[in-house]
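Report on one structure; see the data block that follows.
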Amino acid sequence: MKRPSSLTAPFLKKVSLVAERVDRDAFPFNRLGFLDADDFALEFPAPITLFVGENGSGKSTLLEAIAAMCEFPPEGGSQDHQTQEGGGAPTSRLGHAMRPAWLPRVRAGFYFRAESFFNVAGYIDEVGDIDGAYGGRELRAQSHGEAVLALLSNRLGGTERSILLMDEPEAALSPSRQLALLGLLRRWDLSGNVQVIIATHAPILLSYPGATLYQFGDDRIWQTTLDQTEQYRVTKAFLSNPDRYLEDIFADPDLDEP
């Protein structure tokens, strides 16, 4: 499959801060060091971008802000999913303070959050075209992982230009289903019609070739490679010698009975 010749993904080229919209006394500006500079900006040079970092490093906060700029609901879903009373998608404080650079602007897409997907799936089951869009079965009648893949493979990544945002999809996916997601990423990547940004801890997903990997940590963001991520190095070291790691962990005095 050949990529179309013009106006292909990535469509969101960059996000940057608008200084006059920043409230330095409010979260997340008072907690995330990489937002200290008013000229903060992050570019997306590839169709697939992966955010990696420890809990609390800000990767999910930034992804949520991008979702708000895309006008996706904060619980997840697409622009036409109004899962909250009153409708509309509240804008995150960071999302309000950021300016996106699009070429072209796309409105189709989906924001996936593992922690709230069950609620979104219920909403989709009630209002969606199950037979036509989600593989012929209600999402909540499937396992968590089955429902996620049913959504991703049947509903998203078609011929329409779109942007897909995923916050820790591995929470719902076994290793074999993470491999299946890699296959979907490849299909979307080759189509030229889909941009994907994923916040993840999963070395399997971080292995996608050609993706831009951004490491979050030490109050900054920098571009990295798979073998330089702590997630990859710790997982590889543990699987190479689990007995030694378990011996060290179980010898920790903090684990002793009182």
Contact list for residues 218-228, test side chain to side chain donor-acceptor pair (under 3.5 Å), sequence neighbours left out: T224-Q228, T225-D227, T225-Q228
Stepwise side-chain hydrogen bond (donor to acceptor under 3.5 Å, both in side chains) test for S92 and E64: CA-CA 7 Å; S92 75; E64 180 184 64; 5.0 Å; no
Check: Q195 and P10 side chains under 4.5 Å, non-hydrogen atoms: yes
Separation between SG of C70 and CG of L164, rounded to the nearest 0.5 Å: 10.0 Å
For N55, side-chain hydrogen bond (donor to acceptor under 3.5 Å, both in side chains) partners two or more places apart: H201
Residues which pass side-chain contact (heavy atoms from CB on, under 4.5 Å) with A26, listed by chain and number, not counting sequence neighbours: D23, R93
Step-by-step side chain to side chain contact (heavy atoms under 4.5 Å, CB included) determination, I48 to T212: CA-CA 6 Å; I48 311 295; T212 298; over 6 Å; no
Heavy-atom donor-acceptor pair, Q178 side chain to L173 backbone, under 3.5 Å: yes
Non-hydrogen atoms of L239 and P242 that approach each other most closely: O-CD, 3.6 Å
Over all atoms of both residues, closest heavy-atom pair of R113 and P74: CD-O, 3.1 Å
Minimum-distance pair of heavy atoms, taken over all atoms of T8 and F11: C-CE2, 3.4 Å
Within-4.5 Å side-chain heavy-atom neighbours: T61 and L94: yes
Residues forming a ring pair (Phe, Tyr, Trp, His ring centres under 6.0 Å) with Y214, sequence neighbours excluded: none
Of all pairs that satisfy side chain to side chain donor-acceptor pair (under 3.5 Å), the ones with a partner from residues 9-19, not counting sequence neighbours: none
Qualifying salt bridge (charged side-chain N to carboxylate O under 4.0 Å, His left out) pairs with a residue from residues 35-45, counting only residues at least two apart or across chains: R24-D38
Which residues share a side-chain contact (heavy atoms from CB on, under 4.5 Å) with A97, sequence neighbours left out: L17, R21, V22, F29
Value rounded to 0.5 Å, distance of CG in D189 from CG in L184: 12.0 Å
G53 to Q215 - nearest heavy-atom pair and separation: CA-NE2, 3.6 Å
Sidechain-backbone polar pair: N30 side chain, F27 backbone, donor-acceptor under 3.5 Å: yes
Side-chain donor/acceptor of S57 to backbone N/O of E54, under 3.5 Å: yes
I163 and F44, any side-chain heavy atoms less than 4.5 Å apart: no
Partners passing side-chain contact (heavy atoms from CB on, under 4.5 Å) against R107 (at least two apart in sequence or in another chain): E71, Q79, R105
Smallest separation among heavy atoms of L50 and A211, with atom names: CD1-CB, 3.8 Å
Distance, nearest 0.5 Å, that separates OG of S162 from CH2 of W188: 8.5 Å
Sub-4.5 Å side-chain heavy-atom contact between I198 and P169: yes
Audit row: V52, Q231, side chain to side chain contact (heavy atoms under 4.5 Å, CB included) steps and yes/no: CA-CA 8 Å; V52 60; Q231 286 74 9; 3.2 Å; yes
R161 side chain to L7 backbone, donor-acceptor under 3.5 Å: yes
Derivation and outcome, side chain to side chain contact (heavy atoms under 4.5 Å, CB included), residues L42 and I221: CA-CA 9 Å; L42 195 67; I221 303 173; 4.0 Å; yes
Test item: P28 and L35 side chains (from C-beta on) under 4.5 Å apart, heavy atoms: yes
Side chain to side chain contact (heavy atoms under 4.5 Å, CB included) assessment of L165 paired with F112: CA-CA 6 Å; L165 311 176; F112 171 85; over 6 Å; no
Distance (rounded to the nearest 0.5 Å) between N193 CG and R187 CZ: 11.5 Å
Closest contact, heavy atoms only, G95 versus A65: N-CB, 3.5 Å
Salt bridge (charged side-chain N to carboxylate O under 4.0 Å, His left out) partners of residues 230-239, not counting sequence neighbours, each pair once: none
Close side-chain approach of Y111 and I66, heavy atoms under 4.5 Å: no
Contacts of type ring pair (Phe, Tyr, Trp, His ring centres under 6.0 Å), residue F216, not counting sequence neighbours: F34, F51
Spacing of OH belonging to Y232 relative to CG belonging to L213, to within rounding of 0.5 Å: 12.5 Å
T200 OG1 to E170 CD distance, which is reported to the nearest 0.5 Å: 3.0 Å
Partners meeting side-chain contact (heavy atoms from CB on, under 4.5 Å) with L182 (sequence neighbours left out): L179, L185, I204, L205, S207, Y208
Contacts of type side-chain hydrogen bond (donor to acceptor under 3.5 Å, both in side chains), residue S60, not counting sequence neighbours: D167
